Colleague: 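One structure follows; several queries about it will come next.
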Amino acid sequence: MKLMIPPGRLDRAVDHKTEHVLGLADAEISLVEYGSYACPHCRAANERIAQARDQLGDRVCYAFRHRPLTDNSLSFRAAELAELAQTPETFWSAHIKLMTRSMQLTEDDLSAVAADLGVHANPTLRDSDAVRRAKARVESDIASARASGVRFTPTFYINRRRYDGPWDESSLVDAMLGTLGHRVRTAALDFASWGPSAGIMLVVATVAAIVLTNSPIGPAFEALWRWEFGVSLGSAAFRMSILHWVNDGLLTLFFLVVGLEVKREMTVGHLASRRSAALPIAAALGGMVVPACLYSLVLPAGPWSYGWGVPMATDTAFAIALIAVMGSRVPVELRIFLTAAAIVDDIGAIVVVAVFYSGKIHLAYLAAAAMVVVALVLLSRSGVYHLSPYILMGAALWAFVYAGGLHATLAGVLLALFIPTRPPANLAALMTQASTIIASEARHEGEVLRRGPSTPALQALDAIYDRIESPADRLLRHAGARSSYAVLPIFALANAGVTINPGVLAGHGRLTAAIVAGLAIGKPLGVFLAAAAAVRTGIAVKPAEYTWRQLGGAGALAGIGFTMSLFIAGQAFPSATDFSAAKIAVFAASGLSAVVGTGLLWGASRQELIGDVPQSSGMKSS
């Protein structure tokens with residue numbers, strides 16, 4: 001079986017016997033470059049590499065691997081020409097000359113190097129074993145680049161880990177030496193790129209909340225969340241407890257991210273077309289309706305009947321984390337299905353919170369909120385692409401929505417709908433413009449009283465950067481990480497604390513049973529039945545890459561409610577004892593759903609793993 005190479009890692013270690021290496025075999029640092037002789041950035045980085053090697057000496061060995069520019073025949077010929085060198089010394093002499101002889105690789109450069117090597121400048125005109133070996137060596141390096149995930153040149157790997165930082169010698173040396181700042185940054189990026197990381201953060205925050213609540217400092221920990229702060233202006237004041245700032249304020253960022261993800265999925269993502277959207281939408285709707293109905297059957301009337309929204313929600317972070325842990329046992333198509341269904345589920349949860357779990361309505365403030373929304377529409381339609389006006393409008397919208405009696409987090413969703421996207425940028429034109437600006441500035445390097453690029457150049461580069469990425473994409477890229485690794489863990493820390501005491505569940509048996517039944521039974525049942533009905537009626541088509549059993553496993557994972565379930569429970573049960581019982585029920589149901597879903601997916605047979613769907617199910621599979 002072919003081993004999967006982790007993202008950002010080199011496909012194979014440096015072989016000092018067969019590769020082009022400068023430095024000792026036992027050097028503590030390895031630097032591998034995938035480059036092209038026709039790449040202007042590789043030619044510029046060549047001097048930086050030499051400076052870094054001079055500074056580190058024998059501590060570093062440097063290896064060069066070919067990755068010719070795909071649209072440049074001269075770059076392939078230069079790579080094959082260099083491989084005709086008979087000794088390491090002649091290779092590096094040819095390498096340096098090809099990199100430095102002129103500002104841009106030319107036929108004259110190839111002719112000069114060919115004369116040094118005593119061969120013809122155009123290997124395609126000759127047919128010999130040496131030429132075939134040279135071509136094979138270049139193809140081998142290209143395959144290595146592809147396996148390592150190289151997307152552009154130059155790409156550097158330090159100790160087999162891809163380096164994505166600046167190419168100046170100071171930054172390269174810091175990375176190779178592993179300075180504290182670089183190690184912290186690398187560790188953080190590695191953790192964030194690990195699929196289950198967001199779920200792990202939620203688990204850690206939840207465990208911390210439970211431990212602190214049941215420790216000797218439990219009363220002080222709970223009192224902390226009740227501590228109030230805010231702003232005042234003369235006799236007017238606005239104050240909320242820390243818990244309310246978290247649930248009504250900080251969680252708005254989470255809903256903003258959800259709104260941006262919904263917008264992206266409905267414009268260019270998996271919900272953009274009817275064919276791709278029908279199955280997850282149907283499954284998500286079933287996964288919301290059936291749990292709510294099952295809850296209402298267990299609790300037909302009474303003070304707790306208002307909590308029917310608790311088992312409707314799916315915690316995307318936990319579900320995706322478990323799927324990431326199972327790796328190749330879960331087809332990519334099933335991950336897409338569950339992610340899209342969770343996004344639709346989030347839309348439903350937002351609507352439920354806004355309609356059923358808001359406070360007393362104040363029309364005057366809601367009218368002011370409507371005026372802010374109109375202003376957002378005008379900004380978006382006027383082609384205003386700077387984020388600052390939208391953020392300021394969003395803050396005003398949050399205040400008016402909160403004062404109007406609707407749940408303040410709704411402002412995050414509304415704001416997301418009006419933050420503009422842009423038509424795709426002409427990357428070739430923008431890259432040419434950026435390269436021209438940088439090259440022009442580089443010619444002034446070393447001049448007296450010049451310290452870095454000029455202000456006009458920086459402004460032009462900022463404008464190019466702004467055009468490459470739309471405001472919505474930029475905000476999602478930055479806010480998404482903060483939502484997953486800061487907002488949700490803080491929310492869990494503030495809301496997941498529950499006293500471990502058998503008395504908490506006393507008198508709450510039906511409430512607990514209703515929530516557990518809704519999440520652990522209603523969710524997978526609703527997801528599966530709604531998906532099957534959509535396929536049976538021809539509304540949707542199930543991809544052949546996953547089986548009905550695997551879809552059932554994804555439905556079980558959808559029963560992990562957690563974040564949104566706790567959020568709705570906090571709105572539905574103002575009584576502390578009721579809320580505590582609801583928390584325990586959500587924890588129990590989420591844990592049971594995780595075990596059942598993981599078991600169904602992990603136990604998939606080899607036949608199921610390759611997507612060979614049994615046709616005896618009586619349902620369409622493709």
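Keep in mind the model is a prediction, meaning the values are calculated, not measured.
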Colleague: Checking Y402 against W245 for the ring pair (Phe, Tyr, Trp, His ring centres under 6.0 Å) test, could you report, in this order, the C-alpha distance in whole Å, the side-chain angles of both residues, the deciding distance, and whether it holds?
Modeller: CA-CA 12 Å; Y402 178 85; W245 277 113; 8.2 Å; no
Colleague: Can any side-chain N or O of T537 pair as donor or acceptor with the backbone N or O of A534 at less than 3.5 Å?
Modeller: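 Present.
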Colleague: So which heavy atom on L253 is nearest to which on A479, and how close?
Modeller: CD1-CB, 3.8 Å
Colleague: Nearest 0.5 Å, what's the CH2-CG distance between W398 and L410?
Modeller: 13.0 Å
Colleague: Is S382 reaching over with its side chain to a backbone N or O of L378, donor-acceptor style, under 3.5 angstrom?
Modeller: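 Present.
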Colleague: May I ask you to check whether F567 and F254 place their ring centres under 6.0 Å from each other?
Modeller: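 No.
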Colleague: Flag yes if more than 12 heavy atoms outside F221 fall under 6.0 Å of its CZ atom; otherwise flag no.
Modeller: yes
Colleague: Tell me whether the NZ or CZ atom of K583 lies within the 45° cone about the ring axis of F579 and under 6.0 Å from its centre.
Modeller: yes
Colleague: Look at atom CZ of R482 and say whether more than 12 heavy atoms of other residues, nucleotides or ligands are closer to it than 6.0 Å.
Modeller: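 Atom CZ in R482 is not crowded, with 12 or fewer foreign heavy atoms closer than 6.0 Å.
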Colleague: Specify the closest pair of heavy atoms between T206 and A492, including all atoms of both residues, with the distance to one decimal.
Modeller: OG1-CB, 3.9 Å
Colleague: As an exercise, state the distance from CD1 of I490 to CE of M201, rounded to the nearest 0.5 Å.
Modeller: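 The CD1 atom of I490 sits 9.0 Å away from the CE atom of M201.
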Colleague: Testing the basics here: between D345 and M312, what is the closest heavy-atom pair and its distance to 0.1 Å?
Modeller: OD2-O, 3.1 Å
Colleague: The test is side-chain contact (heavy atoms from CB on, under 4.5 Å); show your working for L279 and V541 and say whether it passes.
Modeller: CA-CA 7 Å; L279 189 64; V541 177; over 6 Å; no
Colleague: So how far is it from I560 CD1 to K523 NZ, rounded to the nearest 0.5 Å?
Modeller: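 Going from CD1 on I560 over to NZ on K523, the span is 11.0 Å.
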Colleague: Between CD of E261 and CG of L256, what distance do you get to the nearest 0.5 Å?
Modeller: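 If we round to the nearest 0.5 Å, E261:CD and L256:CG are 10.0 Å apart.
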Colleague: What is the distance from atom OG of S305 to atom CZ of R510, rounded to the nearest 0.5 Å?
Modeller: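 Going from the OG atom of S305 to the CZ atom of R510 covers 11.5 Å.
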Colleague: With rounding to the nearest 0.5 Å, note down the distance linking NE2 in H478 to CG in D473.
Modeller: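 Going from NE2 on H478 over to CG on D473, the span is 11.0 Å.
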